[in-house]
Protein chains: 2
Amino acid sequence: MKPFEKKQQDDMSAVFKALAHPTRLWMVRELMQSERCVCEFVEASHLDFSTVSKHLSLLKQAHLIEDDKRGKNVYYRLRAVCLVSIVGCLDDHLKTLQAERAEDRS
Amino acid sequence: MKPFEKKQQDDMSAVFKALAHPTRLWMVRELMQSERCVCEFVEASHLDFSTVSKHLSLLKQAHLIEDDKRGKNVYYRLRAVCLVSIVGCLDDHLKTLQAERAEDRS
DNA sequence: TTGTCATTTGGCAATATAACCAATAATAAA
DNA sequence: TTTATTATTGGTTATATTGCCAAATGACAA
């Protein structure tokens with residue numbers, strides 16, 4: 001594998017790693033609706049401010065979201081548009097699996 | 001969040017977790033080409049048989065691949081067709097980012 | 001049956017991740 | 001300026017993940 005491909009591979013692993021936590025996946029889904037500030041995530045999740053901030057910064061490092069400070073607040077929004085189709089794709093896949101399991105039981 | 005949504009969320013996290021390791025991502029890419037038996041992965045990766053087997057079983061648990069034993073060998077193949085578009089999508093996204101960085105440097 | 005090959009499973013040590021608290025930074029309001 | 005608010009960073013502990021080795025399984029061959 002060429003170094004370029006290797007890097008691409010590692011970058012993509014980082015993307016999946018970023019999405020591999022229920023909290024971060026929930027955050028991405030929220031951002032698919034509209035931008036949110038850190039405090040909104042804190043309020044809705046009942047997690048510590050520091051925990052939320054670290055989750056967001058991980059998503060940012062993976063180039064999936066971006067932030068911008070306005071007034072006292074930091075607002076995050078989706079950067080990788082392809083997330084919408086990826087999550088949609090997997091929702092369908094999981095629904096199909098569930099239907100198959102229901103089928104097997106009947 | 002309803003219990004059903006919660007489960008869907010956790011299932012999807014499991015999918016991303018399964019994809020979040022360079023070795024497993026490589027395996028998925030290989031399986032996008034054609035089915036492979038465990039020993040082919042072992043040979044190509046220089047990892048221990050047990051390590052390879054565990055990676056594959058993790059992908060299987062996430063319902064992304066399926067296996068079938070023929071003779072002495074166990075063959076794995078892609079189960080989640082949507083992986084092709086997901087990986088393609090992210091390849092494009094990462095290429096775009098790289099192009100942007102090249103742009104910034106010039 | 002006995003042996004051999006391909007794979008899986010259990011166990012262990014090294015490393016990575018997640019959550020909290022405390023401390024710090026940056027901005028806005030008083 | 002001082003204080004309050006919002007967010008990030010550093011540190012610690014608990015938990016999860018990864019990779020290897022050794023042992024167990026399962027199917028075919030002799």
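Naming convention: chains lettered A, B, ... in sequence-line order (proteins, then strands); numbering from 1 in each chain.
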Evaluation steps, side-chain contact (heavy atoms from CB on, under 4.5 Å), between B/R24 and B/L19 = CA-CA 6 Å; B/R24 290 192 295 266; B/L19 296 169; over 6 Å; no
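- The two residues B/M32 and B/V84 make their nearest non-hydrogen contact at CE-CA, 3.9 Å.
- Judged by distance alone, with hydrogens and angles left aside, the side-chain atoms of A/S45 form a donor-acceptor pair with the main-chain N or O of A/F41 at under 3.5 Å.
- Within residues 53-68 of chain A, the residues having any heavy atom closer than 4.0 Å to DNA chain D are, in order of number, A/S53, A/K54.
- Taking the side chain of A/F49 as heavy atoms from C-beta on, and the options C/dA6, D/dA7, C/dC21, the nearest nucleotide is D/dA7.
- Of the possible polar contacts, none joining the A/T51 side chain to the A/L47 backbone as a donor-acceptor pair under 3.5 Å is found.
- For A/N73, there are no side-chain hydrogen bond (donor to acceptor under 3.5 Å, both in side chains) partners at least two apart in sequence or on another chain.
- Shown for residues 36-47 of chain B: residues whose heavy atoms fall under 4.0 angstrom of DNA chain D, namely B/L47.
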**Request:** Would you please test B/D67 and B/L56 for side-chain contact (heavy atoms from CB on, under 4.5 Å) and show each step?
**Result:** CA-CA 9 Å; B/D67 63 327; B/L56 289 167; over 6 Å; no
Show me the protein contacts with nucleotides 25-30 of chain D, counting only N or O atoms at under 3.5 Å.
none

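- Every residue two or more places apart in sequence or in another chain was checked for a ring pair (Phe, Tyr, Trp, His ring centres under 6.0 Å) with A/H93, and none qualifies.
- Across all their heavy atoms, B/L64 and B/V15 have their closest contact at CD2-CG1, 3.9 Å.
- At the phosphate of C/dA16, neither OP1 nor OP2 sits under 4.0 Å from any side-chain N or O atom of A/K17.
- Contact annotation: the side chain of B/Q98 approaches that of A/Q8 to within less than 4.5 Å [non-hydrogen atoms, C-beta and beyond].
- For the pair A/W26 CH2 and C/dA18 P, the computed distance is 16 Å after rounding to whole Å.
- Nearest to the side-chain atoms of B/T23 among the listed nucleotides D/dG19, D/dC21, C/dC20 stands D/dG19.
- Cation-pi geometry between B/R70 and B/Y75 is met: the NZ or CZ atom falls under 6.0 Å from the ring centre, inside 45° of the normal.
- Of all the residues in residues 28-35 of chain B, not one reaches under 4.0 Å from DNA chain D with any non-hydrogen atom.
- Between D/dC20 and B/S50, no contact under 4.0 Å exists linking OP1 or OP2 to a side-chain N or O.
- Rounding to whole angstrom units, NE2 of residue A/H21 and P of D/dT17 are separated by 10 Å.
- Considering only side-chain N and O atoms, B/N73 lies nowhere under 4.0 angstrom from the phosphate OP1 or OP2 of C/dC5.
- Heavy-atom contacts from other residues, nucleotides or ligands closer than 6.0 Å to CD of A/E43 number 12 or fewer.
- Classified by interplanar angle (parallel below 30°, tilted 30° to 60°, perpendicular above 60°), the ring pair A/H55/A/H21 is tilted.
- D/dG19 atom C1' lies 8 Å from atom CG of B/D48, rounded to whole Å.
- In this structure, B/Y76 does not reach the C/dA6 phosphate: none of its side-chain N or O atoms is under 4.0 Å from OP1 or OP2.
- The shortest distance between side-chain heavy atoms of A/M12 and B/D91 falls below 4.5 Å.
- Residue A/C82 holds its SG atom at 5.0 Å from CG of B/L90, rounded to the nearest 0.5 Å.
- In this structure, of D/dT18, D/dT6, C/dT8, it is D/dT18 that holds the atom nearest to the side chain of B/R24.
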